[in-house]
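Numbering starts at 1 and runs along the sequence shown. Being a predicted model, the structure only gives us computed values, none of them experimental.
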Amino acid sequence: MHLAELLDRTGLDVLAHLDRQVDVPVIDGLQAQGDLIVVPEAMTGAVRTRDGWHSLPAEGAELVRGGDGTNPHTLVGSCELTVQVADPERLAVALLHNAGPVYLVHPEHGATGIAPGYWLVRRQREAGASRRLGMSVHEGGTVLVAD
């Protein structure tokens, strides 16, 4: 599927400099889009769901939005998902099961497809910095990445 077709189907948009005639890749493995990482369930270890499974709404769902209110990562397509995920690292955003490709759309990154399967969507973590009392402290801690 071309990016233009996906955008027409969903009503979402991306920045003007992105080529809308590019094929959106559907990836069957570990992948990243900006600050989100999509992990095959088999690689998730101690992550567990706490129920709350529901069908993805027709208009999709924002999984993450930047701290300034922009740059949403929007999941579109047909799948079951839950945001009630117990993750010892507290990075999980959602767990999803899809029988066909679903897509993550982002204004700056375009779109990527997620092949059928069970997947954990989680935030990226950067090592080497932490925050205390509003100050950045570089002592090998971790920081969640936000757009």
Side-chain angles (χ1 to χ4, degrees), residues 1-3 5-7 9-15 18 22-147:
M1 170 181 322
H2 287 103
L3 179 58
E5 182 183 352
L6 181 61
L7 297 177
R9 285 183 183 184
T10 62
L12 297 171
D13 203 6
V14 296
L15 297 179
L18 294 175
V22 69
D23 286 328
V24 177
V26 176
I27 301 168
D28 186 15
L30 188 65
Q31 60 180 290
Q33 184 188 79
D35 64 343
L36 287 186
I37 310 295
V38 180
V39 183
E41 183 188 40
M43 296 175 66
T44 62
V47 174
R48 302 287 179 256
T49 179
R50 295 188 216 141
D51 300 321
W53 287 91
H54 63 279
S55 295
L56 183 65
E59 67 275 10
E62 284 185 12
L63 296 183
V64 173
R65 180 174 279 270
D68 62 359
T70 61
N71 295 324
H73 292 269
T74 304
L75 182 67
V76 296
S78 179
C79 72
E80 298 290 316
L81 76 151
T82 180
V83 296
Q84 297 179 26
V85 183
D87 173 13
E89 297 185 51
R90 295 186 292 186
L91 298 171
V93 174
L95 189 62
L96 64 100
H97 171 246
N98 53 317
V102 293
Y103 299 90
L104 276 173
V105 181
H106 187 275
E108 293 177 342
H109 305 298
T112 57
I114 304 169
Y118 284 88
W119 304 91
L120 174 69
V121 180
R122 62 189 285 178
R123 287 187 167 277
Q124 176 182 333
R125 179 178 52 208
E126 286 189 0
S130 62
R131 295 192 182 268
R132 286 192 204 141
L133 300 174
M135 298 172 53
S136 183
V137 179
H138 300 281
E139 296 178 359
T142 59
V143 174
L144 294 179
V145 175
D147 283 334

Practice task
Any chance you could measure Asp13, atom CG, to Leu3, atom CG, to the nearest 0.5 Å?
Solution key: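 So the gap between those two atoms works out to 9.0 Å.
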
Completion exercise
Rounded to the nearest 0.5 Å, the OG1 atom of Thr112 sits from the CG atom of Leu6 at a distance of 10.0 Å

Practice task
Verify side-chain contact (heavy atoms from CB on, under 4.5 Å) between Leu30 and Ile37, making sure each step is shown before the conclusion.
Solution key: CA-CA 7 Å; Leu30 188 65; Ile37 310 295; 3.9 Å; yes

Please output the side-chain donor-acceptor pairs of residues 52-60 that fall under 3.5 Å, not counting sequence neighbours, one pair per line with the distance.
unit_1 : atom_1 : unit_2 : atom_2 : d
His54  : ND1    : Gly52  : O      : 3.2
His54  : ND1    : Leu81  : O      : 3.3
Ser55  : OG     : Glu80  : OE2    : 2.7

Exercise for the section: Give a yes or no on this: more than 12 heavy atoms of other residues, nucleotides or ligands lie within 6.0 Å of atom CE of Met43. Expected result: no

Handout entry: Audit row: Arg122, Leu36, side-chain contact (heavy atoms from CB on, under 4.5 Å) steps and yes/no
Key = CA-CA 6 Å; Arg122 62 189 285 178; Leu36 287 186; over 6 Å; no

If every non-hydrogen atom of [X] is compared with every non-hydrogen atom of [Y], which pair is closest and at what distance?
X	Y	answer
Pro72	Pro107	O-CD, 3.4 Å
Thr44	Pro40	CG2-O, 3.5 Å
Val64	Arg123	CG1-NH2, 3.3 Å
Gln84	Thr82	N-OG1, 3.0 Å

Problem - Heavy-atom check, side chain of Asp23 versus side chain of His2, under 4.5 Å - result: yes

Side-chain atoms of residues 91-105: list all donor-acceptor pairs with protein atoms under 3.5 Å, sequence neighbours left out, distances to 0.1 Å.
unit_1 : atom_1 : unit_2 : atom_2 : d
Asn98  : OD1    : Gly117 : N      : 3.3
Asn98  : OD1    : Trp119 : NE1    : 3.3
Asn98  : ND2    : Gly100 : O      : 2.8
Asn98  : ND2    : Ile114 : O      : 3.1
Asn98  : ND2    : Ala115 : O      : 3.0

Practice task
Have a look at Gln33 and tell me which of His73, His109, His106 forms a side-chain hydrogen bond (donor to acceptor under 3.5 Å, both in side chains) with it.
Solution key: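 For Gln33, the side-chain hydrogen bond (donor to acceptor under 3.5 Å, both in side chains) test succeeds with only one of His73, His109, His106, which is His73.
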
